[in-house]
Protein chains: 2
Amino acid sequence: MGRRPTLHEVANLAGASLASTSRALNGNGASPEMIEKVQAAAKRLGYYPDAAGRSLRMGRTFQVGFAVADIGNPVYVDMMKAIHEVVGPQGYHVVVATTGNDVTSTADVIRALSSGVVDGLVISPLRSNEALAQQMEHAPIPVVVIGRVAEGTTLDSVWADSAAGIGMAVDQLVGAGRRRLLFLNGPLGTTPASRRLQGFDAAVARHGLPLLGMLVADDFTVEAGTRAVDSLLDDGAAERPDAIVAANDLLAIGCIQALRRRHLSVPRDVAVTGMDDTEIAAVFSPSLTSVALGSRERGKAAAELLLRRIGGEQGPAQRVHVAPRLVVRESSGGPA
Amino acid sequence: MGRRPTLHEVANLAGASLASTSRALNGNGASPEMIEKVQAAAKRLGYYPDAAGRSLRMGRTFQVGFAVADIGNPVYVDMMKAIHEVVGPQGYHVVVATTGNDVTSTADVIRALSSGVVDGLVISPLRSNEALAQQMEHAPIPVVVIGRVAEGTTLDSVWADSAAGIGMAVDQLVGAGRRRLLFLNGPLGTTPASRRLQGFDAAVARHGLPLLGMLVADDFTVEAGTRAVDSLLDDGAAERPDAIVAANDLLAIGCIQALRRRHLSVPRDVAVTGMDDTEIAAVFSPSLTSVALGSRERGKAAAELLLRRIGGEQGPAQRVHVAPRLVVRESSGGPA
DNA sequence: CCCTGAGACGGAAACGTTTCCAGCGACCAT
DNA sequence: ATGGTCGCTGGAAACGTTTCCGTCTCAGGG
């Protein structure tokens, strides 16, 4: 754990002033011989500029933040990877932050990161309200939202129409002859949950199908999915659905897990669809029909938007759309 | 995107000096009325201290780094979550960095993060050599390694005995009557790959089993696993194993995928075991026998070690061991 | 009543960097 | 020959914070 050399020491060794040394290293108006002298000195000392000093002076940290509720969710991992891939080559580091499930802790995270920690923020809020929207809009750094934002906001955002996506899943199930569709939702009050429910209700109404009510898991996880479906099957009174549309691949897998325990076959007895088309969907058995929402694309687009704003681009709020795409596999009984 | 107030403005509004204002906010020797005055002013302006200025002055960034080869790997995601949970409450942010597959880019990452970006670094290097070890040892910030380090190094580390873990998997397979065991390894030259191979060879020798050679995937991913096993099965000449020990859950799943395509039943025709006991292992079908290496515990322990070093604890290098644990499930044919 | 010590406060330095600005040659054109 | 321009350099300021140190006040003890 040795000490790091400073620009001062490099300047001394090179026999130049601080100003010239800095210029020589950053390549702004220095003579060739000066550059060589300084580079040599820097190399000999093993000099690398101090991030704190540089941040303070330049007003930039060369870090971007990524804030989500649960970084364990594969969707967010994908986004993070994509963001990393975009900003890394530009010299930026990625700071991850978890917002927790409620709005106030999200607000705290934004504030904490805004105070000179990162130059910009990509955030995918599970829940939102007017105050949070205001805060994001008036944050001292650019903020890009992955998810739905209110009409007329000045925030850049990238979104996928999950409601339409759910509709595609329903269409396919109906096409395959299913009639008693049940929606397995994530925690109510979250933005994804309400959007996806809307999509489901609309699609079911469109097909004139009976409403079987909805199953609500208390989290977007495998375990929560299993618990929810278990409770349904325990409740003997309830009419058994012939298809379950899950709001999430994780929930879908949890659901299949519960069905399997009761020796119900997927897709013969009950068809199941998920959403997000995570990596597991393709290799799962039965392979999982899922609606891809392009997590990688969304992360990439968000990062690109953010970098542009950090770079000073003005213009009106951008709103990037990523189209949902249904990937039909075994769990939904295949194409009609 | 408003501007942020500085301590100066708070001091002005409160009618106090910078020094007193700082003290009042950080709670060091200020009178109650001063504290109140300053707090009020700070709240009115919405003041939060600037991270860059503070870092520069204090010589601490309140950030820790986490560097791994592929942040998409569920093992690393688990570790990251654990690290986050440990350091977050202490006011630290987590910076993720990907080291790439080679040693030199790992070195670059360490250097970049050492220059005042983070106060400490948790790193899990896939490959290593003497130069890299030296660099980590002499880095200007504390470094904790997740993985095996050379005897006598001064680096803190936390490690799981994956060789012994592989041995446990082999024992169980042999106990279940399997005799022709094949090892599906990850990319050679990586530390995990060599350790796990050693464990496999030792266990096979111990049981006096025939050596079927080894299958090498070019990455620790599902796709690479599928490709490797495909190539084995395509090669009609090779004698078919009755069990495959994969170096990794991802490889194991890829392997099962390939077997399934040939209509080979797992575990009837071929038993399969994985390693890491990722979340998917439990819910996969067939559920996957796997050796848990405690990714969460390792991440947690590493973060705690790191915080202690950052706090200035001196003492000799710590070496935390996490015991491997075999979780027997369907894919290996169950217990003998 | 004076001296001492404790407690609170403000001025100023310091952290390491980039960049503004002025100065200084050298060179070219008038 | 002189004025102007250009390229390069060094001094110094600035970013926002914490903390050292000196000063001041006030209370209490001798």
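Quick caveat: nothing in here was measured; it's all calculated off a predicted structure. To find a chain, count down the sequence lines: A is the first, B the second, and so on, and within it residues start at 1.
The side chain to side chain contact (heavy atoms under 4.5 Å, CB included) with A:Glu9 is formed by just one residue from the set A:Leu13, A:Leu7, A:Thr6; it is A:Thr6.
The minimum heavy-atom distance between A:Ala133 and A:Leu155, with the atom names listed, is O-CD1, 4.3 Å. Contact record, A:Val145 with A:Pro125: CG1-CD, 3.9 Å, taken as the closest heavy-atom pair. Between B:Leu306 and B:Gly120, the closest heavy-atom pair is CD2-C, 3.7 Å. Taking each heavy atom of B:Val109 and B:Ala97 in turn, the nearest pair found is CG1-CB, 3.8 Å.
Consecutive pairing runs in DNA chain D reach the stem threshold at C:1-30 with D:1-30, where a stem means at least three Watson-Crick or G-U wobble pairs with distances under 3.5 Å.
Contact check of residues 36-58 of chain B against DNA chain C (heavy atom, cut-off under 4.0 Å) returns B:Leu56, B:Arg57.
Between the side chains of A:Arg111 and B:Tyr48, a donor-acceptor pair is found at a separation under 3.5 Å. Side-chain polar atoms of B:Asp50 and A:Ser115 form no donor-acceptor pair below 3.5 angstrom.
When the P atom of D:dG16 is taken as reference, atom CG of B:Leu25 falls 16 Å away, rounded to whole Å. Summarising the geometry, the separation between NE2 on B:His8 and P on C:dG10 is reported as 13 Å, rounded to the nearest angstrom. Going from atom CG of B:Leu7 over to atom P of D:dT19 covers 12 Å, rounded to whole Å. Going from atom CG of B:Asn26 over to atom P of D:dG16 covers 17 Å, rounded to whole Å.
To the nearest 0.5 Å, atom CG of residue A:Leu305 and atom CZ of residue A:Arg319 are 12.0 Å apart.
Judged by distance alone, the side chain of A:His84 and the main-chain N or O of A:Met80 form no donor-acceptor pair under 3.5 Å. In this structure, B:Gln63 contributes its side chain and B:Val117 its backbone to a donor-acceptor pair below 3.5 Å.
Classified by interplanar angle (parallel below 30°, tilted 30° to 60°, perpendicular above 60°), the ring pair A:Tyr76/A:Phe66 is perpendicular.
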One character per nucleotide, please: for nucleotides 4-12 of chain D, 5' to 3', B when the base has a protein heavy atom closer than 4.0 Å, S when only the sugar-phosphate does, - otherwise.
----SBBB-

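Counting any heavy atom pair closer than 4.0 Å across all strands shown, B:Ser22 reaches a base atom.
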